[in-house]
Student: 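The structure's right below; bear with me while I get my questions together.
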Amino acid sequence: MKRRYVINFNTKNLPERQTDCLIIGGGVAGLFTAWQVARTGANVTLITKQALTESNSQQAQGGIAAALGADDCPELHFQDTITAGAGLCDEEAVQVLVHEGREQVKLLLQLGAEFDRDENGLSLTREGCHSRRRVLHAQGDATGAEIVRALQQQVRACRNVVILESHYAVDLLVSDQCCHGALVLQQASRQLEVFRSGTVVLATGGAGQLYRHTTNPGVATADGIALAYRAGVEIMDAEFIQFHPTALALANTPSFLISEAVRGEGGILLDPKGQRFMPAYHEMAELAPRDVVARAIHQEMVKGASDQVYLDLSRIGKSKIKKRFPTITATCARYGLDITEQPIPVAPAAHYMMGGVKINLQGQTNIDRLYCCGEASCSGVHGANRLASNSLLEGLVFGARIAREIAKLSPAAAGPVVHWQQEGQPELAPEAGPDLRAGLQQVMSEQVGLVRSAAGLTAAAHFFAERSPIQHYAAVNAGQMEVLNMLEAARIIGMAAAMRTESRGGHFRQDYPEPSANWQKHILQKG
Ligand code: SIN
């Protein structure tokens, strides 16, 4: 029997809460949607599984892209997004992004987000595949933290928004193709609760933790993809995973992000022998699309039998390095590296999932009253490879659209009683914990990573098949629920990667190294 819920429960026996709109996730997508929905007068409950500051958004360095420069326009931003997307962007969605994005960024400024400025006004930088300087940044390389700060301030000031941290969304309550809320685990008391809600917005973020090396924080475990899939929601383009070319590669240190803006300001990549190599791979050299740079680095690492290449910042100048990249400078210094004097050892690391919960232009999924926003979603704006700094923008644009859509809905009917008892479902054995997590990270990194092949993807499929008996057990705590979600999401990604017999954007197959016209299409999966 296929798993529908990760635990056994009967809503009749559980405490209930009622809200107009339940938002799951507290990054930029969740916060902005919460604020926009609250402005319509609706009561909003926003839950996060850890503290509100734990998100990919909070850690975003490079910035947020918007065609605001004197030499720029939405049409150029559109073209660059389409080029990076490698043939799979939804053009209508990209038009929405680049046009409405400008307005939403102006709104962010009104809401108090303080972006860096220079003598010309807003200071704009360049990142990979952008034909213009159009990336706004804050405090040098702490853009996400500044946007989150400004949005949190707004959301906390709304009397009709309740924020609940350490509340883990276990599963969605869906019946007759309509979402009525979610089962939520209050982690401190371990109390399971039913959150009845007129609408639900998934804003659960990314999937970087499926890999051993990632720029993402520990919370990025693909929960939204897994719980949506179990509820019969369509997942699109799951095979497209973006590896950031330059994560810090020092022994025993996290894969801390070294922003692409460092290359945008003049940083160059050197092979293990100290030679520059990117001009031989692409005319845009270090600012080629991310997938191109990441694979070039991988090739140089294999050639040089090394685990890293180097990012040389000497062309930027010492004082500019410190002023422009204070977070990177300080973090590397903590690990004993003075980046004004030494090149930074870097290697690619999992960074962003282009695919996810399929949504339409209003942010709606195939289930009534269920919406999705941000990295967990697949709106079609990123195609096979996201243009740098388009993701915070996507969270704003679709967050605003979702709020407008929700405002049009009539009140929801009361949700039904739900009772789930999987046949003979005992409690999950304790080994469904850290070992399983590490095992799946290894398989994903080695077989479903930057470079894939039929043999590796078959090995990954065996790994998942061998662990399928876990589906007959009920999770006993949030840690196990998270591992089960990771297993589900990893399997979905592996299946799509095996199916797509070509290379495109964030999906590279050694055995099919070229794009194929037959594959200029999407893969949809539904539980
Ligand atoms: C970076 O700063 O390089 C990351 C920006 C992004 O992923 O959009």
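Counting convention: from 1, in listed order, for ligands and their atoms alike.
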Student: Show me which atoms of ligand 1 lie under 4.0 Å from any heavy atom of His351.
Tutor: 4 (C), 6 (C), 7 (O)
Student: May I ask you to list the atoms of ligand 1 that are less than 4.0 angstrom from any heavy atom of Ala388?
Tutor: 8 (O)
Student: Compute the ring centroids of His382 and Tyr352, then answer whether they are less than 6.0 Å apart.
Tutor: yes
Student: Which of the listed options, Arg290, Arg263, Gln59, holds the heavy atom that is closest to atom 6 (C) of ligand 1?
Tutor: Arg290
Student: Taking both backbone and side-chain atoms of Arg386, is any N or O found less than 3.5 Å from an N or O belonging to ligand 1?
Tutor: yes
Student: Should the pair Arg404-Glu100 be classified as a salt bridge under the 4.0 Å nitrogen-to-oxygen rule?
Tutor: yes
Student: Please check this pair: side chain of Ser389 against backbone of Gly63, looking for a donor-acceptor N/O pair closer than 3.5 Å.
Tutor: yes
Student: For Glu260, take its heavy atoms, then give the atoms of ligand 1 lying under 4.0 Å from any of them.
Tutor: 1 (C), 2 (O), 3 (O)
Student: Does the N or O separation between Ser389 and ligand 1 drop below 3.5 Å for any pair?
Tutor: yes
Student: Any chance CD of Glu92 has more than 12 other-residue heavy atoms, nucleotides or ligands included, within less than 6.0 Å?
Tutor: no
Student: Thinking salt bridges, do Glu341 and Lys318 make one under a 4.0 Å N-O criterion?
Tutor: yes
Student: Does any N or O of ligand 1 fall below 3.5 Å from an N or O anywhere on Ser391, backbone included?
Tutor: no
Student: Closer than 4.0 angstrom, basic N to acidic O: yes or no for Glu54 and Lys49?
Tutor: no
Student: Within the 4.0 Å heavy-atom shell around Gly62, which atoms of ligand 1 are there?
Tutor: 1 (C), 2 (O)
